[in-house]
Amino acid sequence: MEPLRVHITAYGCQMNRLDATLADDLLRAAGARVVDDPASANVLVFLTCSVRAHAEDRAFSNIGALAERKTREPGLVIGLVGCTAQQYGPEVWQRAPLVDFICAPGRLADLSDLVREARAGRRSIALDPARGKEEPEAFGESDARLDAVEVRGRHRVGRSRQAFVRAMRGCDMFCSYCVVPNVRGPERSRSPAAVAEEVQRLVDRGVREVTLLGQAINRYRFDQPGRAWDLADLLEKVAGTPGLARLRFITSHPKAMTARLASAFRDVPLLCPHLHMPAQSGSDAVLERMNRGYTAAEYAQRVAMVREAAPQVAVASDFIVGFPGETGEDFEATLDLVRRMRFASGFVFKYSPRPGTRAARRYPDDVPQKEKVRRHRELLDLLGEIAAQDNQAFIGREMTVLVEGPAPRPWLNARAGQTCRPNGAVALPANPPGFVPKNRDYSGAGQSAISGRRGDRNLPAIALRSLGEAGATAGPQWRGRTPCHRLVVFDGPAGLAGEEVRVRVERAGPITLFATLFQSTI
Ligand code: 5AD
Ligand code: SF4
């Protein structure tokens, strides 16, 4: 039989990107070659996202577009993996008959078996248990298999020397709009020993920055005889990894924010001052229907608690606009929260009703699309305006930057993309504030960000091999991140990817700080 040549396309969030690296590892271990070009692959794996309809539609339409190729190459294997697999199960075949195998996120360890079956001409499917009474024990065996793969595998370290490590799986928050609890199962925390071992192995292979992942990661809890671990404990343990330079964690739920975790920003030196804590809305009535479990005032109080412990923390948020029943007044309340919180960055999504969620069952999707688009734009503009103002404070400052890779010009090029006024304010002539021109074509996704790195949670499709390395050629312009996760662009010599450098900020836009390099190794 022809040797395996696999291409992996991932949609959606950071968890999916991590699953993509796992899939890559697993298939390599099974003797496959992972290729960049889908045209040269004989197995195409689609790591799907179900959070919004758009991501799902894209995956299905990309699969549908393979009809002609599949007729030409009957041996071509197509796998639909991830959240959409669990969401629809065997119904996937009704919508996408070209699919040969279906694999839920928790069953990734079965991937090579599924590929083998498909190559033998048999359709196959591996699903997680449906959410029911037997959980989370029902996930014990598959989690243990995945844990073993995660700890041992994934040792290909990209040039940016950043890695994601799962601290938790699943979610129990049941926000009314969200499919994640249905498709990724109940909340389970990995043992501190497994997380720490994985981090150590990654650092041994050159990783400098680790981001711990969990849907509501500040609910991390691991009970051992005589000791209960929370996220602050885990951060402290992981921060002790020799050779690690930076530690982050995403995403935090406001309801689970504690003073103890807030003080970790002050007390754990490696912990980056960056908190992604989605507010989703500033209206109490909407928050209630979203089942978020806090009011806008409580959200503000959690932010104040963090800022009191560590004033330098950059707070980032997600928002959903056009949630059912969101009135003009509700939306005003969101704008008001944004004005008060002064977020460093934010992602804005248009509400998308998802099958199987409480919101889809109970509340009609009654905000007209045009109004969703308008609110989306207005909120992004406000976030951009505030970030642009606050970023001015960085001008003249010296900062440490971990270089992620070449800046994919001209989208972040000071000269080509933005014009700077004498007062330092940045005008974006062709594009509204906060918009990354390169990703314009994704604007229809019902999502946008002003964080400068859409891929954080939203990049609709990524070719696995180019993760974190946008723009393959080393140019004179580099892109990196400050500890507070602000994007910095600067000119420098070749070979800086993965290095920590010192820069001085010269100009600042809503997303990007433009800097000059003055020390290239620390
Ligand atoms: N519609 C729109 N946005 C959603 N999100 C989650 N579910 C939906 C939905 N049904 C957003 C939330 C979450 C982010 C990952 O995606 O803002 O924080
Ligand atoms: Fe979805 Fe809410 Fe869980 Fe986040 S916390 S994954 S929005 S249910």
Side-chain angles (χ1 to χ4, degrees), residues 11-17 49-57 83-84 86-87 105 131 166-188 213-220 249-257 275-282 286-294 299 315-324 326 334 337-338 343 345-365 367 369 372-373 375-376 379-380 383 444-451 454-460:
Y11 304 81
C13 71
Q14 221 56 264
M15 280 285 181
N16 252 19
R17 291 172 66 165
C49 167
S50 274
V51 163
R52 282 167 295 275
H54 184 84
E56 220 172 73
D57 295 345
C83 293
T84 310
Q86 180 65 17
Q87 171 84 350
R131 289 219 66 164
R166 207 178 321 254
M168 294 174 81
R169 299 192 165 91
C171 184
D172 280 347
M173 297 311 286
F174 287 98
C175 301
S176 66
Y177 49 81
C178 186
V179 286
V180 170
N182 298 341
V183 294
R184 285 199 178 256
E187 190 176 274
R188 293 96 78 200
L213 292 185
Q215 308 289 354
I217 194 170
N218 50 345
R219 284 169 54 84
Y220 180 89
F249 61 94
I250 53 171
T251 295
S252 291
H253 195 295
K255 200 176 159 186
M257 193 68 215
L275 175 70
H276 183 230
M277 186 164 77
Q280 308 295 3
S281 171
V286 172
L287 287 168
E288 166 90 42
R289 285 201 298 285
M290 286 178 164
N291 192 33
R292 289 289 289 176
Y294 54 85
Y299 181 88
V315 181
S317 181
D318 293 354
F319 299 93
I320 297 177
V321 295
F323 186 79
E326 187 189 63
T334 299
L337 183 71
V338 168
F343 294 104
S345 63
F347 295 89
V348 183
F349 307 96
K350 292 176 223 127
Y351 173 68
S352 163
R354 307 305 299 131
T357 61
R358 173 138 62 101
R361 272 195 307 274
R362 283 203 192 159
Y363 312 122
D365 180 18
V367 177
Q369 181 64 13
K372 285 184 188 168
V373 171
R375 290 179 192 178
H376 180 253
L379 183 50
L380 266 186
L383 285 159
Q447 54 194 12
S448 288
I450 66 129
S451 79
R454 304 274 317 278
D456 271 354
R457 300 166 65 79
N458 310 318
L459 202 62

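We count ligands from 1, going down the list as the structure has it; atoms in each ligand are counted the same way. These numbers come from the heavy atoms of this one structure, side chains and all, not from hydrogens, waters or symmetry mates.
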Exercise for the section: Report the distance from atom NE2 of His253 to atom CE of Met173, rounding to the nearest 0.5 Å. Expected result: 3.5 Å
Problem - Approximate separation, where rounding is to 0.5 Å, of Leu383 CG and Ser317 OG - result: 8.0 Å
Practice task
Starting from atom 1 (Fe) of ligand 2, locate the nearest protein heavy atom and write down its residue, its atom name and how far away it is, to 0.1 Å.
Solution key: Cys178 SG, 2.2 Å
Problem - Test item: side-chain donor near acceptor, Tyr177 and Gln280, under 3.5 Å - result: yes
Practice task
May I have the step-by-step check of salt bridge (Lys or Arg N to Asp or Glu O under 4.0 Å) for Lys372 and Asp365, ending in yes or no?
Solution key: CA-CA 11 Å; Lys372 285 184 188 168; Asp365 180 18; 2.8 Å; yes
Problem - Arg184 heavy atom under 4.0 Å from ligand 2 - result: no
Practice task
For ligand 1, indicate whether the residue Val51 contacts it via side chain, backbone, both or neither (heavy-atom separation under 4.0 Å).
Solution key: both
Exercise for the section: Please check if the side chain of Thr251 supplies one atom and the backbone of His276 the other of a donor-acceptor pair under 3.5 Å. Expected result: no
Practice task
Could you check which of Gln280, His253, Lys372, Arg52 puts a non-hydrogen atom nearest to atom 17 (O) of ligand 1?
Solution key: Gln280
Problem - ligand 2 versus Tyr177: contacting region, heavy-atom distance under 4.0 Å - result: side chain
Problem - Per-atom contacts, ligand 1 versus Arg354 - under 4.0 Å to a heavy atom - result: 10 (N)
Practice task
Using modelled atom types only, decide if a donor and an acceptor are shared between the side chain of Thr84 and the backbone of Glu56 within a distance under 3.5 Å.
Solution key: no
Exercise for the section: Could you confirm whether Cys171 has any N/O/S atom lying under 2.8 Å from atom 2 (Fe) of ligand 2? Expected result: no
Problem - Check: Pro181 main-chain N/O paired with Gln215 side-chain donor or acceptor under 3.5 Å - result: no
Completion exercise
Among non-hydrogen protein atoms, atom 4 (Fe) of ligand 2 lies closest to Gln215 O, 4.2 Å
Practice task
For the pair Arg169 (side chain) and Gly185 (backbone), establish whether a donor and an acceptor sit closer than 3.5 Å, ignoring hydrogens and angles.
Solution key: no
Exercise for the section: Give the numbers and elements of all ligand 1 atoms closer than 4.0 Å to a heavy atom of Asp318. Expected result: 13 (C), 14 (C), 15 (C), 17 (O), 18 (O)
Exercise for the section: Can you sort out which atoms of ligand 1 are near Tyr351, meaning under 4.0 Å from one of its heavy atoms? Expected result: 1 (N), 2 (C)
Problem - Distance flag, aromatic centroids of Phe319 and Phe343, threshold under 6.0 Å - result: yes
Handout entry: Proximity to ligand 1 by part of Tyr177, non-hydrogen separation under 4.0 Å
Key = both
Practice task
For ligand 2, note which part of Pro181 has a heavy atom under 4.0 Å away: side chain, backbone, both or neither.
Solution key: side chain
Practice task
Flag Cys175 as yes if one of its N/O/S atoms falls below 2.8 Å of atom 1 (Fe) of ligand 2, otherwise no.
Solution key: no
Completion exercise
Arg292 heavy atoms within 4.0 Å reach ligand 2 at atoms 2 (Fe)
Exercise for the section: For Phe174, take its heavy atoms, then give the atoms of ligand 2 lying under 4.0 Å from any of them. Expected result: 8 (S)
Problem - Ligand-side contact atoms (ligand 2) for residue partner Val180, heavy atom cut-off under 4.0 Å - result: 6 (S)
Handout entry: Side-chain (Thr334) to main-chain (Gly282) donor-acceptor, under 3.5 angstrom
Key = yes
